[in-house]
Amino acid sequence: MKDSQVRIRIPIHHANEHRRTLPVEESPGFIAASPQTSKLAQQRSGTRGTLPAEAGYARRATAVAPALRPAGASPLTSGAGTRGTRGTSLPPVAVPVPYLRPAAGRAPRWGTRWGSHRPWLPAAAIAGLLALALAVPALIAWPRHTAQPLPPGGRKAAPEMPVAAAKPEAPVTRLPGVPPIPAVPAAPARSVPAVAEPDVRVYVTSTGRTETLPLEEYIVGVVAAEMPPSFEGEALKAQAIAARTFITRRLLADDTSGAPAGADVTDTVKHQAYISKARLTREWGHSGKAAELAKIRQAVRDTKDTIMVYEGKPITASFFSTSNGYTENSEDVWAKAVPYLRSVSSPWDKQLAPRYTETITLSRQSVFDRLGLSRAAIAASTGGENMPEIRVLSKTEGHRIKKIEVGGTVFTGPEMRNKLGLRSAEFTWRTEGDKIAITTYGYGHGVGMSQWGANGMAKEGHTATQILLHYYTGISFAQASRILS
């Protein structure tokens, strides 16, 4: 049986040769070269005992880190080169590979891999972490939309329109050049309702009754009574603003002076002239003045709720018919200086006003009586009874008589105008026997806006705003509803 036994010869390889036959992928951490490659390296180098610098660089580039080498192993004991004498070996030929792969079954050493061949990986990881840290808050704050349940029946309900998106009322036409009023923030759903248009109580002298009507309707009656409807539209607008400012000031102060009990104003020039609504309908609406009435109503609508203010308060919006070429300072007429009632030029009146000048003739006795002078006193002061001596002592900045002496007695210009019934405080005179002819220039007290001057400015193309800013110094514009609320 021994002769018949088959002998099997098992080749035993040296450990170093066994390593040399391992494929590159299973190398324990470094690159092994084939024997042919090693022999080629021997032939090229021409020496066996010296390790060239290039080989040292290849070793450093391809050798594995000490942490991956087995204990006691030498970088050159892998069989990467052909052995020569003891302690010498030919340098291994580096085989270029993209990265080092650990031996099968071994866990990778991350520090070695990243630090040796992938220096960009730690930076990429840190950048990724930073991007994630920045993205998390944004994802948390991202708006989330919740689907609204459908109403019964499967129909989609129409979305409710928010209060802020509701269509506003049609804006009121504003005066050109008037600074826009700042927008009011949207009120909450349960806010106090807007203040209603105030009523004005007007005492009508022809009927002896008090008429109550909305403020804007009252302004229509005032403009119709105070200014000819044939005036330019911008002049009518200026008049409407002045009239609205006058009544707003009285309503704000609860001023009913000069009016009967239960009334705010009268329909006379003591306050503002006014034509009642019934009379406008009867005498204007059915007598060929419908177009003129419509023109006035349009001017009032175009200036709705607009008034003049000075330092936030409604002004004393005084006005008069015709200037003598200038308006007056308030203190020269009413003994009180008002900063917005200053003397300004008004050259348009002389060109347009049909009664810019007017002459009246009075007897000397009538002049004495109206001024409260006796003939005996005049004769004593003048040295005779033929003619009382009249002498102008001073004039105002508006070129009207400020002080005048008659028969030894001193009067102011407004006093002479009121006592003698003159149209203006600027006048000249001449004697004609026992008569005195007095010629006046302009018509009215001269303080504030001249109506004929306003019409002249409108004819030249000025707006209502420009007219008012000319006659009332330093004023601005506001809303009557805000002031009264």
Side-chain angles (χ1 to χ4, degrees), residues 170 172-173 175 196-251 255-307 317-322 352-355 423 443-444 448-452 454-455 458-459 464 467 480-481 484:
V172 178
T173 304
L175 294 176
E197 182 179 341
D199 289 334
V200 180
R201 300 171 299 173
V202 188
Y203 178 79
V204 181
T205 54
S206 60
T207 61
R209 296 180 180 180
T210 299
E211 180 178 312
T212 302
L213 70 164
L215 185 145
E216 296 299 324
E217 193 64 36
Y218 167 71
I219 301 303
V220 172
V222 173
V223 175
E226 289 283 4
M227 181 173 279
S230 59
F231 275 24
E232 298 292 324
E234 294 299 316
L236 293 172
K237 292 178 185 180
Q239 181 65 62
I241 295 175
R244 188 181 295 108
T245 304
F246 175 87
I247 189 61
T248 299
R249 181 183 176 90
R250 283 181 68 90
L251 293 176
D255 182 9
T256 60
S257 59
D264 298 312
V265 288
T266 65
D267 63 348
T268 66
V269 294
K270 182 188 294 184
H271 300 113
Q272 292 186 125
Y274 166 78
I275 299 177
S276 66
K277 184 177 180 180
R279 182 181 167 190
L280 283 175
T281 302
R282 182 178 63 253
E283 297 183 5
W284 290 52
H286 304 290
S287 62
K289 289 186 176 183
E292 295 177 344
L293 180 58
K295 182 180 178 182
I296 292 174
R297 289 189 181 278
Q298 184 63 46
V300 174
R301 281 194 298 269
D302 288 346
T303 63
K304 182 180 180 181
D305 206 28
T306 305
I307 61 172
S318 58
F319 52 88
F320 61 99
S321 172
T322 311
L352 300 175
R355 298 177 62 185
R423 288 171 59 87
Y443 181 29
M449 182 183 71
S450 168
Q451 293 172 317
W452 277 99
N455 194 43
K459 285 182 177 294
I467 293 170
S481 58
L484 294 175

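All of these numbers come straight from a predicted model, not from anything done at the bench.
Residues Leu251 and Asp264 have side chains in contact (heavy-atom distance under 4.5 Å, counting atoms from C-beta outward). You'll find the side chain of Leu484 reaches within 4.5 Å of the side chain of Thr248, heavy atoms only. Side chains of Val200 and Thr212 form no contact here, defined as non-hydrogen atoms less than 4.5 Å apart. The closest side-chain heavy-atom distance from Val222 to Ile247 is not below 4.5 Å. Two residues are said to be in side-chain contact when any heavy atoms from C-beta on lie closer than 4.5 Å; Met449 and Gln239 meet this criterion.
In this model, a donor atom of one side chain and an acceptor atom of the other lie less than 3.5 Å apart for Gln298 and Asp302. In summary, the side chains of Arg244 and Thr303 do present a donor paired with an acceptor at a separation below 3.5 Å, with no hydrogens or angles considered.
Under the salt bridge (Lys or Arg N to Asp or Glu O under 4.0 Å) criterion, Glu226 pairs with no residue at all, not counting sequence neighbours. Listed by chain and residue number, Thr266 satisfy the side chain to side chain donor-acceptor pair (under 3.5 Å) test with Thr268 (two or more places apart in sequence, or in another chain). Here Asp255 pairs with Arg250 under the salt bridge (Lys or Arg N to Asp or Glu O under 4.0 Å) rule; sequence neighbours left out. Under the salt bridge (Lys or Arg N to Asp or Glu O under 4.0 Å) criterion, Arg282 pairs with no residue at all, not counting sequence neighbours. With sequence neighbours left out, Tyr203 forms a ring pair (Phe, Tyr, Trp, His ring centres under 6.0 Å) with no residue at all. The side chain to side chain donor-acceptor pair (under 3.5 Å) search around Thr205 returns Asp267, not counting sequence neighbours. For Ala224, the side chain to side chain contact (heavy atoms under 4.5 Å, CB included) partners at least two apart in sequence or on another chain are Ile275, Leu280, Trp284, Ile296.
The ring-ring contact (aromatic ring centres under 6.0 Å, His included) pairs that include a residue from residues 204-223 are Tyr218-Tyr274, where partners are two or more places apart or lie in different chains. For residues 285-299, the salt bridge (charged side-chain N to carboxylate O under 4.0 Å, His left out) pairs, not counting sequence neighbours, are Glu217-Arg297. The salt bridge (charged side-chain N to carboxylate O under 4.0 Å, His left out) analysis of residues 268-279, with sequence neighbours excluded, yields the pairs Arg279-Glu283. Evaluation of the salt bridge (charged side-chain N to carboxylate O under 4.0 Å, His left out) test over residues 202-213, restricted to residues two or more places apart or in two chains, returns none.
Residues Ala353 and Thr322 come closest through the heavy atom pair CB-CG2, 3.5 Å. Between Leu236 and Pro229 the shortest heavy-atom distance is CD1-O, 4.1 Å. Summarising the geometry of Ala299 relative to Ala240, their closest heavy-atom pair is O-CB, 4.5 Å, with the distance given to 0.1 Å. Counting all heavy atoms, side chain and backbone alike, His271 lies closest to Gly258 at CE1-O, 3.3 Å. When all heavy atoms of Ser321 and Ser450 are compared, the pair lying nearest together is O-OG, 3.5 Å.
The six-membered or imidazole ring of Tyr443 lies away from that of Trp452, with a centre-to-centre distance of 6.0 Å or more.
Counting only distance, with no hydrogens or angles, the side chain of Glu232 and the backbone of Ala458 share no donor-acceptor pair below 3.5 Å.
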